[in-house]
There are 2 protein chains.
Amino acid sequence: MATLMTEMLKGTLDGIVLAILSARPAHGYEITAWLRGRGFTDIAEGTVYALLVRAEQRGLVEVAKVPSEKGPPRKVYSLNARGRDHLDEFWKTWSFLAERLQQLRKGGK
Amino acid sequence: MATLMTEMLKGTLDGIVLAILSARPAHGYEITAWLRGRGFTDIAEGTVYALLVRAEQRGLVEVAKVPSEKGPPRKVYSLNARGRDHLDEFWKTWSFLAERLQQLRKGGK
DNA sequence: GCCCACTATTCGGTGTTGCTAGGTACCAGT
DNA sequence: ACTGGTACCTAGCAACACCGAATAGTGGGC
């Protein structure tokens, strides 16, 4: 059921996008396309934009408006120092969770 | 500020509890204590109970009321066939997510 | 007898999150 | 004109975990 993924993405999608931005600056549409290509087929378009706005409000990313040849201007996001710190924290939390779940999976059944 | 872990647990705590129940029947208080012992120190007591009620409403678990020597009667939950199916789905979804994140972590930075 | 700690469950209200389902804007090809 | 691809935004919704408090039973210390 797709519902499982929806709930599981809460809290992780945030980190996923930051991780993408840590590799290279990108804009919303690009990020969405990238996610779709990686198998996250059901991630809604609006979700990514809302998430980027939140990231900006928290001061995790910098924004640059870049005119596009096709369509409206792009908003290119790039990770700043605070964002990198946040990403580190994210990976720590993720590692903790992933370890416990791996143990559970082995132990159970 | 919502903690990272709180948001990340959304959707996964559900599976964690089912995984615990797949090993052996248990009641709410016991599950909470188990989680605390495993490092999930900040999981609220009420959270587990609410989660168990949801699982029951979805028909994933069976409930048995067992009198306790200490305190009020326990509600002992055990996984049924539907619950095991759901757990399988959970692990599939989790695996998918964990794989993508592992790739991202390697690739990024 | 009275209070406290521990066991055990329940409930209403809150904040964060991703999804739904639209809309705006710009340009190229037909 | 019209369609399709690019690119962004928004309001309202449902699900989830947290918080704080209440309820209830048992046993031990004073």
Side-chain angles (χ1 to χ4, degrees), chain A residues 1-18 25-37 40-58 60-61 63-77 86 90 93 97, chain B residues 1-18 25-37 40-58 61 63-77 90 93 97:
Chain A
M1 205 72 72
T3 323
L4 275 181
M5 184 58 90
T6 292
E7 289 308 319
M8 224 179 268
L9 280 175
K10 289 186 180 174
T12 58
L13 185 55
D14 188 57
I16 290 172
V17 169
L18 290 186
H27 56 100
Y29 194 79
E30 193 183 350
I31 292 171
T32 306
W34 191 92
L35 288 170
R36 295 254 166 85
F40 294 101
T41 52
D42 43 352
I43 286 185
E45 185 126 25
T47 300
V48 175
Y49 290 109
L51 193 155
L52 287 171
V53 168
R54 281 202 300 271
E56 188 188 350
Q57 283 169 348
R58 289 177 191 163
L60 305 177
V61 293
V63 191
K65 220 167 204 172
V66 178
S68 166
E69 302 143 17
K70 300 199 161 197
R74 299 166 169 172
K75 285 176 79 175
V76 176
Y77 294 84
H86 189 81
F90 170 79
T93 309
L97 196 58
Chain B
M1 194 85 62
T3 56
L4 282 179
M5 185 57 91
T6 292
E7 291 307 320
M8 221 179 272
L9 280 175
K10 289 187 180 175
T12 57
L13 185 55
D14 189 55
I16 290 172
V17 169
L18 289 186
H27 55 100
Y29 195 80
E30 192 183 351
I31 293 171
T32 306
W34 191 91
L35 287 169
R36 295 258 165 84
F40 294 101
T41 51
D42 44 352
I43 286 184
E45 185 113 34
T47 300
V48 174
Y49 289 107
L51 193 154
L52 287 170
V53 168
R54 280 201 301 271
E56 187 187 353
Q57 283 170 348
R58 287 177 193 164
V61 293
V63 192
K65 219 163 204 174
V66 178
S68 168
E69 303 142 16
K70 300 197 160 197
R74 299 165 169 173
K75 286 176 78 174
V76 176
Y77 293 85
F90 169 78
T93 309
L97 197 58

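Model, not experiment: these values are computed from the prediction. In what follows, every chain begins at residue 1, and chains take the letters A, B, ... in the order their sequences are listed.
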Base-contact (B) and sugar-phosphate-only (S) positions in nucleotides 19-26 of chain D, heavy-atom cut-off under 4.0 Å, - elsewhere: -----BBS
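- No hydrogens or angles considered: a donor-acceptor pair under 3.5 Å links the side chains of B:T6 and B:T3.
- Of the listed nucleotides (D:dA15, C:dT16, D:dA17), C:dT16 has the atom at the smallest distance from the side chain of A:R58.
- Distance from the side chain of A:Y29 is smallest for D:dC8 among the nucleotides D:dC16, C:dT9, D:dC8.
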Criterion side chain to side chain contact (heavy atoms under 4.5 Å, CB included) on A:I16 and A:F40, from CA distance to verdict: CA-CA 11 Å; A:I16 290 172; A:F40 294 101; 4.3 Å; yes
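- Scanning all heavy atoms of the two residues, the minimum distance from A:P73 to A:K65 falls at CB-CG, 4.3 Å.
- In this structure, the CD1 atom of A:I31 is 13 Å from the C1' atom of D:dC8, given to the nearest Å.
- Annotation: side chain of A:R58 is in contact with side chain of A:D14 (closest heavy-atom distance under 4.5 Å).
- Neither OP1 nor OP2 of D:dC9 sits under 4.0 Å from any side-chain N or O of A:Y49.
- Looking at A:K10, its side chain has no donor and acceptor atom pair within 3.5 Å of the base of C:dT16.
- Taking every heavy atom of both residues into account, A:V76 and A:P25 meet most closely at CG1-CB, 3.8 Å.
- Taking atom OH of residue A:Y77 and atom C1' of nucleotide D:dA7, one finds them 11 Å apart after rounding to whole Å.
- A:L4 has its CG atom 14 Å from the P atom of D:dA15, to the nearest Å.
- Considering only side-chain atoms of B:K75, the nucleotide from D:dT6, C:dG18, C:dT9 that sits closest is C:dT9.
- When the side-chain nitrogen and oxygen atoms of A:R54 are compared with OP1 and OP2 of C:dT17, one or more of them lie within a distance under 4.0 Å.
- To the nearest angstrom, C1' of D:dA14 lies 15 Å from CG of B:D14.
- A pairwise comparison of heavy atoms in A:E45 and A:R36 identifies N-NH2, 3.9 Å as the closest pair.
- Along DNA chain C, the nucleotide nearest B:G28 and the nucleotide nearest A:V48 are compared for position; the residue whose nucleotide lies closer to the 5' end is B:G28.
- Evaluated for a side-chain contact (heavy atoms from CB on, under 4.5 Å) with A:L35, the options A:T47, A:I43, A:D42 yield exactly one hit, A:I43.
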